[in-house]
Amino acid sequence: MKLAEMRLLQTEELKNKLADARNELMNLRFQLVTGQLTDTSRLQQLRRDIARFETLLREREITVAQGGEK
């Protein structure tokens with residue numbers, strides 16, 4: 001998912017997507033350990049997506065704390 005698409009999501013949707021991404025990352029780590037994972041690049045993609053979600057959520061927290069709500 002691209003950053004522009006992420007910015008269009010509501011805060012609750014971002015939190016849900018973040019939780020889903022974390023669960024998927026956990027599952028992929030298990031697959032990696034057991035030797036079932038074929039697409040290892042997905043791990044890096046997910047880690048970056050998780051960082052993007054967390055960054056957007058933090059930006060929104062800061063915006064709300066400063067008085068301007070998005």
Side-chain angles (χ1 to χ4, degrees):
M1 180 176 276
K2 295 192 180 221
L3 186 59
E5 295 170 355
M6 289 179 183
R7 287 192 188 278
L8 296 176
L9 297 175
Q10 298 294 322
T11 303
E12 285 302 316
E13 292 173 333
L14 275 176
K15 289 179 182 178
N16 291 336
K17 296 261 185 190
L18 177 60
D20 292 342
R22 285 184 173 156
N23 285 334
E24 185 178 352
L25 182 61
M26 183 183 67
N27 290 335
L28 288 178
R29 285 182 178 157
F30 282 125
Q31 289 179 12
L32 181 66
V33 170
T34 59
Q36 297 174 352
L37 185 63
T38 57
D39 185 16
T40 56
S41 66
R42 183 73 180 129
L43 289 168
Q44 184 177 11
Q45 263 182 329
L46 269 177
R47 282 197 310 265
R48 289 183 178 178
D49 281 347
I50 289 170
R52 286 184 187 111
F53 287 131
E54 289 177 346
T55 301
L56 285 173
L57 287 170
R58 183 64 182 144
E59 284 176 357
R60 290 181 184 187
E61 286 176 13
I62 291 170
T63 303
V64 168
Q66 291 177 347
E69 190 171 329
K70 273 192 174 180

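The first residue of the sequence shown is numbered 1, and numbering continues consecutively from there.
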* To do: Among residues two or more places apart or on two chains, list those pairs meeting salt bridge (charged side-chain N to carboxylate O under 4.0 Å, His left out) that have a residue in residues 25-34.
  =>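 Non-adjacent pairs meeting salt bridge (charged side-chain N to carboxylate O under 4.0 Å, His left out): zero.
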* Asked: Is there side-chain contact between Asp49 and Arg52, with at least one heavy-atom pair below 4.5 Å?
  ->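 In contact.
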* Is the closest side-chain heavy-atom distance between Leu43 and Leu37 below 4.5 Å? ->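 The answer is yes, as the side chains (C-beta and beyond) meet within the 4.5 Å cut-off.
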* Is Phe30 isolated, or which residues cluster with it under the ILVMFWY side-chain rule of less than 4.5 Å, directly or via members? ->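 Noted: Phe30 shares its cluster with Met26.
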* To do: Check side-chain hydrogen bond (donor to acceptor under 3.5 Å, both in side chains) between Ser41 and all other residues, then give those that pass, not counting sequence neighbours.
  =>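 Scan of Ser41 (side-chain hydrogen bond (donor to acceptor under 3.5 Å, both in side chains), adjacent residues dropped) gives Asp39.
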* Can you sort out the partners of Glu61 under side-chain hydrogen bond (donor to acceptor under 3.5 Å, both in side chains), two or more places apart, ordered by chain and number? =>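 Result, side-chain hydrogen bond (donor to acceptor under 3.5 Å, both in side chains) vs Glu61: Arg58.
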* To do: Using the test salt bridge (charged side-chain N to carboxylate O under 4.0 Å, His left out), find all partners of Glu59 that sit at least two apart in sequence or belong to another chain.
  =>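 Result, salt bridge (charged side-chain N to carboxylate O under 4.0 Å, His left out) vs Glu59: Arg7.
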[atom1] of [X] to [atom2] of [Y]: how many Å apart, nearest 0.5 Å?
X: Met6; Y: Leu57; atom1: CE; atom2: CG; answer: 10.5 Å
X: Leu25; Y: Leu32; atom1: CG; atom2: CG; answer: 10.5 Å
X: Gln45; Y: Thr40; atom1: CD; atom2: OG1; answer: 10.5 Å

* To do: With sequence neighbours excluded, give me every side chain to side chain donor-acceptor pair (under 3.5 Å) pair touching residues 16-27.
  =>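 Qualifying pairs: Arg22-Glu54, Glu24-Arg42.
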* **Hydrophobic cluster identity match, Leu14 and Leu3, side-chain contacts under 4.5 Å** =>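 Result: yes, single cluster for both.
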Identify, with sequence neighbours excluded, every residue that meets side-chain contact (heavy atoms from CB on, under 4.5 Å) alongside [X].
X: Gln10; result: Glu13
X: Glu12; result: Lys15
X: Thr38; result: none

